[in-house]
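Chain letters run A, B, ... following the sequence lines, proteins first, then strands; residues in each count from 1.
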4 protein chains.
Amino acid sequence: MTEQLDRRQALVHAAFSAIAEHGFEGFRLRPIAAAAGIDHSTLHHYFRTKADLIAAVLEHVTSQFEATMHNDLEPAARLRQHLNEIATAVVVRPELFVVLDELDLRARRDKSTEVDIDHDEQGWRDALAAIFNEGIEQHVWSMNLNVAASVELVIATVKGIRLRPDKAESVVNQLCDLFSPERLTHA
Amino acid sequence: MTEQLDRRQALVHAAFSAIAEHGFEGFRLRPIAAAAGIDHSTLHHYFRTKADLIAAVLEHVTSQFEATMHNDLEPAARLRQHLNEIATAVVVRPELFVVLDELDLRARRDKSTEVDIDHDEQGWRDALAAIFNEGIEQHVWSMNLNVAASVELVIATVKGIRLRPDKAESVVNQLCDLFSPERLTHA
Amino acid sequence: MTEQLDRRQALVHAAFSAIAEHGFEGFRLRPIAAAAGIDHSTLHHYFRTKADLIAAVLEHVTSQFEATMHNDLEPAARLRQHLNEIATAVVVRPELFVVLDELDLRARRDKSTEVDIDHDEQGWRDALAAIFNEGIEQHVWSMNLNVAASVELVIATVKGIRLRPDKAESVVNQLCDLFSPERLTHA
Amino acid sequence: MTEQLDRRQALVHAAFSAIAEHGFEGFRLRPIAAAAGIDHSTLHHYFRTKADLIAAVLEHVTSQFEATMHNDLEPAARLRQHLNEIATAVVVRPELFVVLDELDLRARRDKSTEVDIDHDEQGWRDALAAIFNEGIEQHVWSMNLNVAASVELVIATVKGIRLRPDKAESVVNQLCDLFSPERLTHA
DNA sequence: AATGAATGAGACTTCATTCAT
DNA sequence: TATGAATGAAGTCTCATTCAT
């Protein structure tokens, strides 16, 4: 019973690693089955098609990003904390972000991938907007701060460093500095 | 005489479009040849291998980004101008950025792609650094501004909006605002 | 169950016939698969590569030459009997020898073919040496007979008639006559 | 003018070497042209088809075997001398015999190759028969000697050692010994 | 649930040859 | 004579998927 789940998990993990290493361009089912120790036709009992397996990988990836916002912190600190956690993750688990990038690119051609990613991103978007709105309320940031644009800027920046673990920390720090209250509120 | 060049060009263009539309995952040579109106074996007369054709596409793409910095402008305006041009390009020619993203991802597995991209990026990096350094000299920005980190932030942000033409303008504007002198220098 | 073996067998036979008819120069996989009544990609299910199929053909051929020495006969008669059997085989199943010749030639470029053939030949060589040695012991042949050279002479002669079924009988008879006791022992 | 002949020669030599090294299985025109320093389509000005080039190679090979019988020697010595020269040639120029073997095998499928080889072999056959006949006349060998069979035995033996330079000398010596007068005439 | 056999589409690449220049 | 472009047939091999066991 859990055997079945374990097999599925093993397949998803193997697929995840394969995508991280070779991208979708080189993503083949046979090696995945082999890595899970089963015959390649048995794989189809767990995932009817290749697309199904990819969907499961996407779900696996997004599930790793359950928002871990620290609502007890003040807005600016919360933003900094959040970005630092991401920067750390990029360094510690680079494959996660590589696969996410592959999926992002793939979403352009695959509607269902796009939907899943969009849904996931919306949660993130909302959480970021909450930070900025709260910060404006608390006069941490000026009323003139464009919340929507700021949210997108943060998101774009994070996406832009997904492939550059070595630059992650300095980039998020620089972004936080630019958003730091002492500068913006005095404007 | 130029017939020959035209054929090559036609193949590169067809390949470019195919990658833009289907990514490398679905990149096949036969349709490329067909799009250029030649037999698929004739394609190998121009590009011995698939990799050779991809290299030509990469060159084609990077050649579109010959630095168009406006050195007559003051630093902050130059940065804004530069980013606005990129934002416009993302809207006007989104495929260019999609393909660039595909290549960026591919560079992780293909050494020669990586080298070419790195070389191209270095030019961009240098130009951005020049802007910030000049700005600091002219007291547009504080001496405390971390130039390297700022450069990487700009690059990351641009990479992060490559797939989102709809957000490009507001994101680069927001970034420019954060870098705008009146805020930073008074800090 | 034996279906599977039959398929393999059928492929090996088809390959054997194709080599006999067209040599390795014209040896193509698609017709082999067609002759066995299967899709050409299914062939790869049984033999991963062309070389694997060729190895199977080689094995098939050598297995047809299981030594059939008649140890109950006296040495000279044994030699004659052995050579006559070969001469008959050359006439009755010429393709077997043609393919063997192709493989011999191929062994020059293919190490693994060479190893297999050498192994097979060694058995033959030993059996022939046994005949001559025994004959010398029994004073059928003079002590001065060069066993090693005689063995190689027999082998060379047999190889030399593989392509000439029409000459096989007279050649082996002539060789036997030269080795006939009444001539050699009186020397 | 001789330029043209030189080119042809160069192509034939290159083809000869290629066949010696890779056999007909791996015989391709492009490398031949390259080895002769010309474009692969230019090759077709000298040899309209691949078969034409092969025919030229065959001619080149057979021309190397102009009978060099030493008619001043007595029959037995002439045979020995002839076989020794062949044994030496097998050691000194093994490629010549390798290519000859390839051609022999090919003759089974290519009528024109067969004709050329047969014609060449007939000359050799006649020369050998002359030796044996003369020997019988001079009472070197018994009247009972089967001339035709002896000729074929010699030919078969030589063909059988073409691929074994290391065994050539001992084999021809052994054959000569068996044909040596002191043994046969006393029978 | 699991497998090995089978399939058919299709991948990239190479070849001998011809044609126009 | 020489060449580069072009062709089309064919090469080996791989893939995702289905089917019978």
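If you take CZ of C:Arg7 and C1' of E:dT7, they are 11 Å apart, rounded to a whole angstrom. Taking atom CG on D:Asp52 and atom P on E:dT18, their separation rounds to 11 Å, with Å as the unit. Regarding C:Leu53, its CG atom lies at a distance of 10 Å from the P atom of F:dC13, rounded to whole Å. When the P atom of F:dA16 is taken as reference, atom CG of A:Leu11 falls 14 Å away, rounded to whole Å.
The side chain to side chain donor-acceptor pair (under 3.5 Å) search around D:Asp116 returns none, not counting sequence neighbours. Evaluation of the salt bridge (charged side-chain N to carboxylate O under 4.0 Å, His left out) rule for A:Glu114 yields A:Lys111 as partners, not counting sequence neighbours. Take C:Glu95 and apply the side chain to side chain donor-acceptor pair (under 3.5 Å) test, not counting sequence neighbours, and it matches no residue. Here A:Arg108 pairs with nothing under the salt bridge (charged side-chain N to carboxylate O under 4.0 Å, His left out) rule; sequence neighbours left out. Under the side chain to side chain donor-acceptor pair (under 3.5 Å) criterion, C:Ser17 pairs with no residue, sequence neighbours left out. Contacts of D:Thr49 classified as side chain to side chain donor-acceptor pair (under 3.5 Å), with partners at least two apart in sequence or in another chain: none.
Taking every heavy atom of residues 23-45 of chain A and every atom of DNA chain F, pairs under 4.0 Å involve A:Phe27, A:Arg28, A:Leu29, A:Arg30, A:His40, A:Ser41, A:His44, by number.
Phosphate proximity of E:dC12 to B:Arg48: absent, as no side-chain N or O sits under 4.0 Å from OP1 or OP2.
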Q: For ring-ring contact (aromatic ring centres under 6.0 Å, His included), just list the numbers for D:His60 and D:Phe16, CA-CA rounded to whole Å, side-chain angles, deciding distance to a tenth of an Å, and then say yes or no.
A: CA-CA 9 Å; D:His60 167 71; D:Phe16 170 81; 5.6 Å; yes

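Take the nearest nucleotide of DNA chain E for B:Phe47 and for D:Ala51: the residue whose nucleotide is more 5' is B:Phe47.
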Q: Dot-bracket for DNA chain F, please, read 5' to 3', with Watson-Crick or G-U wobble pairs under 3.5 Å on both distances, ( ) within the strand, [ ] crossing, | other strand, . unpaired.
A: .||||||||||||||||||||

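Among residues at least two apart or in separate chains, salt bridge (Lys or Arg N to Asp or Glu O under 4.0 Å) pairs with a member in residues 13-42 of chain A are A:Glu25-B:Arg106, A:Glu25-B:Arg109.
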